[in-house]
Amino acid sequence: MKQQPLDVDLTCRQTRKRVFLAEMERTVPWDALLALIAPHAPVARTGRPPFALESLLRIHFLQQGYGLSDVA
């Protein structure tokens, strides 16, 4: 006798971080916020290129969501 598969994916566990990031992805209008910030973002002419604007915005939201300081 063979057991039938249950078709349940147990490989991806829902951690608090994943739940928070998924909810942030659904609720924050990233394109609209990036359009507002982009004209004021620095443009590197020489030296090290600046970080991607979307990455900086996401990090800022994570810091605010978890109550972290810049050092943390």
Aromatic ring pairing F20/Y66, orientation class (parallel under 30°, perpendicular over 60°, tilted between): tilted

Which atom pairs, donor and acceptor, lie under 3.5 Å between side-chain atoms of residues 40-60 and protein residues at least two apart or in another chain?
unit_1, atom_1, unit_2, atom_2, d
E54, OE2, R58, NE, 3.2
E54, OE2, R58, NH2, 3.0
R58, NH1, E25, OE1, 2.9
R58, NH2, E25, OE1, 3.3

Looking only at non-hydrogen atoms, find the nearest pair between A35 and P39 and report the distance. O-CD, 3.3 Å

Is any side-chain heavy atom of L21 closer than 4.5 Å to a side-chain heavy atom of F61? no

All side chain to side chain contact (heavy atoms under 4.5 Å, CB included) counterparts of R26, not counting sequence neighbours: A22, E23

Quick one, L62 with L68, criterion side chain to side chain contact (heavy atoms under 4.5 Å, CB included). Give me CA distance, side-chain angles, the key distance, then yes/no. CA-CA 8 Å; L62 284 174; L68 302 174; over 6 Å; no

